[in-house]
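The structure under discussion appears below in the form of structure tokens.
Residue numbering restarts at 1 for every chain, and letters A, B, ... go by the order of the sequence lines.
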2 protein chains.
Amino acid sequence: MRITISDIAQYAGVSKATVSAVLNERPGISVQTRERVLEIIQKLNYQPSHVARSLSNRETKSIGLLIKEIDNPYFAKIMKGVFDKCSELGYTVLLGSSELDPAQEKKSLEALLRQQVDGLILSPLQNEEIDLGYLYELKLKNYPFVTLGSVVHFQTNVVEVENKKAAVSAVSYLIHAGHKRIAYFAGPSYSANSKDRLAGFRQAFHENAIPAPEDLIFNTGSYIADGYRMGRELFALPGTKPSAVFCYNDLVAIGLMNALAELKIQVPADVSVIGFDDIDFCRSMQVPLTTIRVPAYKLGEKAAELLIAQIGARDESKNRKVILPAQLIERKSVAPLGRDGSGSEFVG
Amino acid sequence: MRITISDIAQYAGVSKATVSAVLNERPGISVQTRERVLEIIQKLNYQPSHVARSLSNRETKSIGLLIKEIDNPYFAKIMKGVFDKCSELGYTVLLGSSELDPAQEKKSLEALLRQQVDGLILSPLQNEEIDLGYLYELKLKNYPFVTLGSVVHFQTNVVEVENKKAAVSAVSYLIHAGHKRIAYFAGPSYSANSKDRLAGFRQAFHENAIPAPEDLIFNTGSYIADGYRMGRELFALPGTKPSAVFCYNDLVAIGLMNALAELKIQVPADVSVIGFDDIDFCRSMQVPLTTIRVPAYKLGEKAAELLIAQIGARDESKNRKVILPAQLIERKSVAPLGRDGSGSEFVG
DNA sequence: AATCATTCCTTAATCGGTTACCAAATTTAA
DNA sequence: TTAAATTTGGTAACCGATTAAGGAATGATT
């Protein structure tokens, strides 16, 4: 049988209330009894029941983290940031993942809510067909949550990266290298990130007074396999091909580069490629990938911080927005148009 | 305010016990009252408090998963397996990670226990200096847990991969390709996996009646950076170098290959490399990595299954051991000694 | 000496469920 | 017709903590 607060009270010859007061360092307990109680707690190795406490306090000291893909290095970094910050602040993390499936997202969310987490960090799937009503409900109930990336037509606490600006810098970089036929391998239609990056893609052309190549925008996905498939499809066809591809993320870029390798198309001599995220493997690739570095770990940390602050101040749910900078990392996968890129002085 | 079972009871004009019986589908309730209660539950959108239930039932329907590294693709796959199986069986997953630090491992474990998870899936750090007393304690308390990989001098429920056998096959493969000076880039001293793989390394030589090159066994680590560092160190020195390296895992192999590239040493022409795990990136590398495929997802699934079965049958904690097969995946990073490997017919 | 504050601790209700045990109503058996 | 069995539902204790309210000492105040 588990040792309870009653046991401690009995052994120490005091009431449960006194033990509770000692445990919670409340005033009004004499030094002697405090020490006696503490001694007994030590001796019996007593651990207060977190469940009982949760019931009484109406808080579980846990948060739910609902991501899109568990085995995606980008989310792994976020998880780590969330996890570290939560540990530091005394919270536990319950894991959920949609695996890009709206039905599973719903299920996971419900499971998290059922466990009565004190708050949520969400990375909602988004497209035209997905009902975001649950976000409204959460907000209506004043349930603390923050989203990773903003949600269309919705004000909340958000932590995100400056997607559009970063996309502009990536695409401008390609344009300044002489590229005009630049493709965008967009992420899943679910993704607000992808939309923002697309906006940046277009703006870069706009800023350079070139019409954006709308025919080169493809909905792709977020996995290696997606980039591969689209790469095979696009570059196997006859006709004018793009001289550069801006990819939704590094995984897609990796897939694309695998496809290009199979088709004997050289990167960066024939086609330049630029990614997004800067996952660890970028620098270990055949051609080290030029990409946008996203501070994913920090993103996770900030999200956890913001959420826990919100949990603390239950009343005001002011919509805070934290935007973290992203940075172009120049490696070897981009070359000026028409040259072989060997003259590049960029180092990753 | 939250809707409680008392509210439902009141509205339905019955007692809490009756509502509870309906909720838990216990017999002894007439069809009429059952339906009336269910209707009210529907109407008020009542959700039983999981916390209260946990307190009463002494189970939280959650398990703790304590891994070594969150942002390691191998563990990501395991997590996914655990997560999926747990969702299926109605359990939630609380996440913990040691990040290879024994102190943090202890902290994470305590956090998980404090949350009163019903069981644990552990991937314990192991070396001579680490005190595994906590495992004894858990077992003594009859606390359900299973370990990922076996623990030295300790019988428990284990899910693991046939490390030794797989290592034998990898090293034999190198030996049959003519290699004799084969190095082993061992994982962290913490790892039982690494020890088992080392045993396989030695046995392969034994089976081929060649003395194992003990001078070529290096404690390395488990990250890309570790493989890189050791690669630079070993191959920058003068003297006889190994013609092949068997790496503790793919990350180390990637790091090593980065180092070799910098040193203008060709893989596989000059040095053959073989990894372990078969993470997604192996096939996307400069030289696609020959490696051992570990069914990490299945490992996670099995661990969750085993654990939850154990939680169900509280009494018997028979030490079950599930060993999953691993398989050599031949790609491009190994060549016969003295040739350039272009004659290889192996395809990944 | 009576009154008032302080200090320190206890009592008992509460959080939201589960369940052993009991009791009323109805059916069945004798 | 009455006792016994069955069906159905209620009562109250319990899980293990927290906390508001109250009360017994002790010392201070007049």
Touch check for B/Val51, heavy atoms < 4.0 angstrom, all strands: base, sugar-phosphate only, or nothing?
nothing
Donor-acceptor pair, B/Ser108 side chain versus B/Ser97 backbone, under 3.5 Å?
yes
For DNA chain D, produce a single dot-bracket line, 5' to 3'. Pairs: Watson-Crick or G-U wobble, both distances under 3.5 Å. Symbols: ( ) within strand, [ ] crossing, | other strand, . unpaired.
||||||||||||||||||||||||||||||
Quick tally for nucleotides 17-25 of chain D: nucleotides whose base has a protein heavy atom under 4.0 Å get B, sugar-phosphate-only ones S, the rest -, giving BBB------
Sequence neighbours excluded, the answer for side chain to side chain contact (heavy atoms under 4.5 Å, CB included) partners of A/Glu110 is A/Lys106, A/Arg114
Could you pull out all residues at least two apart from B/Gln10 that satisfy side chain to side chain contact (heavy atoms under 4.5 Å, CB included)?
none
Residue list, salt bridge (Lys or Arg N to Asp or Glu O under 4.0 Å) with A/Lys85, at least two apart or on another chain:
A/Glu88, A/Glu305
Partners of A/Tyr134 by ring pair (Phe, Tyr, Trp, His ring centres under 6.0 Å), sequence neighbours excluded?
none
First-last contacting nucleotides on DNA chain C - partner chain A, under 4.0 angstrom, heavy atom:
C/dC8 to C/dG16
Tell me which pairs pass salt bridge (Lys or Arg N to Asp or Glu O under 4.0 Å) where either residue lies in residues 15-32 of chain A, with sequence neighbours left out.
none
Any salt bridge (Lys or Arg N to Asp or Glu O under 4.0 Å) involving residues 64-75 of chain B? Give me the pairs, sequence neighbours left out, ordered by first then second residue.
A/Lys77-B/Asp71, A/Lys80-B/Asp71
Are any of B/Ser30's side-chain N or O atoms less than 4.0 Å away from OP1 or OP2 of D/dG9?
yes
Tell me which pairs pass ring-ring contact (aromatic ring centres under 6.0 Å, His included) where either residue lies in residues 43-84 of chain B, with sequence neighbours left out.
none
Sugar-phosphate only, base, or nothing, as touched by B/Leu55 at under 4.0 Å among non-hydrogen atoms
base
Contacts of A/Thr33 meeting side chain to side chain contact (heavy atoms under 4.5 Å, CB included) (sequence neighbours excluded), chain-then-number -> A/Ile29, A/Ser30, A/Arg36
Mind checking side chain to side chain contact (heavy atoms under 4.5 Å, CB included) for B/Pro188 and listing every partner two or more places apart, or none if nothing turns up?
B/Tyr190, B/Ser191, B/Ser222, B/Tyr248
What's the CD-C1' distance between B/Glu25 and D/dT8, to the nearest Å?
18 Å
